[in-house]
Every structure is written in structure tokens, then in C-alpha cells.
**Student:** 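I'd like to ask you about the structure that follows.
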Amino acid sequence: MTFDQFLWSEIDRIKAAGLYRELRTVGSPQGAEMICDGRPLVNFSSNDYLGLAGDRRLAVAARGAVDDAGTGSGASRLISGNHRFHEALEEAVAGFKGCEAALTFSSGYAAAVGTLPALFGKSDVLILDKLSHASLVDGARLSGAVVRIFPHNHLEKLESHLRWAREKHPQAKVGVVIESVYSMDGDLAPLREIVELKNRFGAWLFLDEAHGVGVLGERGRGLADALGLAEEVEIQMGTFGKALGVAGAYICGRASLRDYLLNRARSFIFSTAPPPSVAMAARAAVELLNSNEGEILVARLREVRGTLAELLRFPGADSAIFPVLVGDERKAMAVSERLRKAGYFVPAVRFPTVAAGSARLRITVTAAHTREHLENFVRALEQALREE
Ligand SMILES: *Cc1c(COP(=O)(O)O)cnc(C)c1O
């Protein structure tokens, strides 16, 4: 078989399974209304929950930083790439989250695959929720730790894994890895109960708030803060690319965690620092969230999600994510395609992002959607599902 034959036969197999993916080309800023493949679409697919990705204030911050610092950072943070703008962002994050310190990474993926292997190794145990994001799964695998998976939000199974870990690996460090809001289902972790369990068994908790920051809690500080549990979470992670509208991610907690990770997290050490302008745009987003404006934006998002919940007659969780389960991969694709023709961008999420046979439409709302957007969309959605 030639290289080209190999590629084409695999692509054919992906297509035959209804799992083929293609890029769409955006020709406008992010927002509730976008130009996608040359056509205007109302966007229900984005994680830009507060509508900040296209916000002028963030663009001004980035532009000012480009004027000051240029485009590139030149080297990794530990060589000569550590601009004062990176540190300004980390101070802003630590202040916003009420942590001693934060360390930033170029993406959430990099934060996860850098942090988990830095903290856990071959003689340790990591226990993950079944629906954990791929970056957490990959980080756990890369660490070489013994990995145990518990069914989604299943506290009894988590407890039995913790007991097993303590009995079979008495010397091991034991980590529990969860998200605050699950990205494809939109539901929340039972954080209070999980904190109680991990404390009882002396395990450490890694909490990924990628879809919680900017959405949950006062000024969008996330689930741990909303429940008054931030102090109890050893490792908090969040990203700047979703509700904060920029790119990158942070790990925050004790000052010692920051010092340790910048010595041990390979994705931090062996990667060029993000552009200083990106750090300044993210800092502007964090400061915005930490102001009265943040309160207004988060309240606006809650109002929009409440309106959609009412229109869909589906309460959902407190997140901005509404899954509409279709099941069959091809059928989900067909509904998504029909919505596109009607002027709405709603992705069909399929295996391997979700389990095979549990394909769904993943609807996300943002503070930038109007009531009219929502009302028209729900009508189009009902029709697209009826035609199936
Ligand atoms: C998006 C996401 C990530 C990855 O973050 P990026 O900045 O996009 O690399 C990690 N964890 C969860 C739960 C996510 O949804």
C-alpha cells in the first residue's frame, strides 16, 4: 500500500462511519451572528459565552501590547520569553480566583498534558470521570500513572476506586480529575460531595473549570468559588479561550504549585511563551470580569440561558450548554445540515468526542444572543428535528 492509498482508504472508512470532519471558514469576528463559508449564520456553537472574543476593549488591549512588545515572545518563559505582561496576567488571575498564584499555558490542552504528568507518575493513581475532556485523558495517560475511570458523576464508584487505590497502592499519590461543567453534556460535577470524598481518602483534586469560568458563580469565578470550596481544590484549571474570549489557560492554587510546575511541566518548559499581546488581551478579559461589567455580562448570560431553557422546555443545568441527543451519527449530521440551510450554526457532536451512538446537537448560548435569535432558532430546530 502506498502512503496515498493508506490515507485515502482511512478517509473513506471515516466517511463510511459518518464521522468525517471538515473545516468551516469564518469570515467575520466571533459573535452571535457570523459569516461562515461565505454565508451569514446565527451561531449556536461557540464557547465565547460572554461575547468577549469580538469585544473592542480586548482588541484595544492586544493592539496596545503589540505596539509595546511586538508580536513574538522569542523564547520559552524560562529562557528570555517571560515578558512582564505574562506576569501581569498571572497576577490578575490569582487576584480574580482568590488564589496565591497562577501559572499560564498557551492552551488548556497544554495545561492539562503538562500539569498531570508533572504531579503524578508511574507509582501513582489517577481517577477520572468518564466524560473528562481529551486533554485530561491524554495528560493522565502521559503521566504513566495507574488510571481508573468512574461512570459520569458516580460518587459510589469514585469512592470504591479511592478505597481500592488506598488499599492496593498505599504509598501512591492519588489524584481525582474532574470538570466543573462537562463540555458535551453541560451538567455540573457534584463538587461538594467529591471534595468530601477526596479529603476522606487523602487524595488531591484537579478541577478543570474550562466551561465554568465566566459562567458560574459571582462574576463568573467558577463552581469551586460559588460553593466556597476553592481552598479545598489543590489544582484549579481554567482557560482564556472560552468565556474570556482570548486564548491560553491557567493553573492556579498555592504559590508552591506555581513554582513547582514551572520547574516540572514540560508543556510549559519546552514551548515558546505565548505572545505578550495575547497575555494582555486575556488580562483585560479577567479585569473586565472582575469589575461591575463582569457582573452585568454574567447576569446577561444567565438570562439568555433561562430564556432558551424556557423555549426548549428543558431546564438543563446552570451552564450555557444544551445538548439535544439524537443518537445516530448520520441523523445528527442531517439535522445540523438542515439547520445550516435555515441559517443556524449548531454542530453535530459525534464519536470520538462523545460515545458512539450518542451523537447530539450541542447548542451553546452567549450573552450576545437576543430573544429574537432564540425564538426563531427554536422554531427552526423543532422543524429540523420533525423532518428527520
Ligand atoms: C476546551 C477544553 C480544554 C482545552 O482548552 P484549550 O484552551 O481549548 O486547549 C480543556 N478542558 C476542557 C474541559 C475543555 O472544554
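Numbers for residues simply follow the sequence, beginning at 1. Whatever order the structure lists ligands and atoms in, that order sets their numbers, starting from 1. Keep in mind the model is a prediction, meaning the values are calculated, not measured.
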**Student:** Taking the six-membered ring for Trp, are His373 and Phe44 ring centroids under 6.0 Å apart?
**Tutor:** no
**Student:** Hey, is Glu159 close enough to Arg163 for a salt bridge, meaning N to O under 4.0 Å?
**Tutor:** yes
**Student:** Between Ala210 and ligand 1, is there a nitrogen or oxygen pair with a distance under 3.5 Å?
**Tutor:** no
**Student:** So which heavy atom in the protein is nearest atom 12 (C) of ligand 1, and how far is it from that ligand atom?
**Tutor:** Asp208 OD2, 3.2 Å
**Student:** So between Glu179, Met184, His133, His211, whose heavy atom ends up nearest atom 3 (C) of ligand 1?
**Tutor:** His133
**Student:** Could you name the option among Gly108, Ser132, Ala112, Ser183 that has the heavy atom nearest to atom 7 (O) of ligand 1?
**Tutor:** Gly108
**Student:** Do the side chains of Arg141 and Asp138 get close enough for a salt bridge, i.e. N-O under 4.0 angstrom?
**Tutor:** yes
**Student:** Report, in ascending order of atom number, the atoms of ligand 1 lying under 4.0 Å from any heavy atom of Ser107.
**Tutor:** 7 (O), 9 (O)
**Student:** So, Asp225 and Arg219, do they make that salt bridge, N to O below 4.0 Å?
**Tutor:** no
**Student:** Are any of the side-chain nitrogens in Glu287 or Arg283 under 4.0 Å away from the carboxylate oxygens of its partner?
**Tutor:** yes
**Student:** Could you list which atoms of ligand 1 come closer than 4.0 Å to a heavy atom of Met237?
**Tutor:** 10 (C)
**Student:** Got the closest protein heavy atom to atom 4 (C) of ligand 1, with its distance?
**Tutor:** Tyr109 N, 3.6 Å
**Student:** Tell me whether Arg200 is salt-bridged to Glu196, with the criterion being a basic N under 4.0 Å from an acidic carboxylate O.
**Tutor:** yes
**Student:** With a 4.0 Å cut-off on heavy atoms, is Ser135 in contact with ligand 1?
**Tutor:** yes
**Student:** Would you mind checking if Glu10 and Arg13 are paired as a salt bridge, meaning a charged N to carboxylate O distance below 4.0 Å?
**Tutor:** yes
**Student:** Looking only at protein heavy atoms, which one is nearest to atom 8 (O) of ligand 1, and how far off is it?
**Tutor:** Lys242 NZ, 4.2 Å
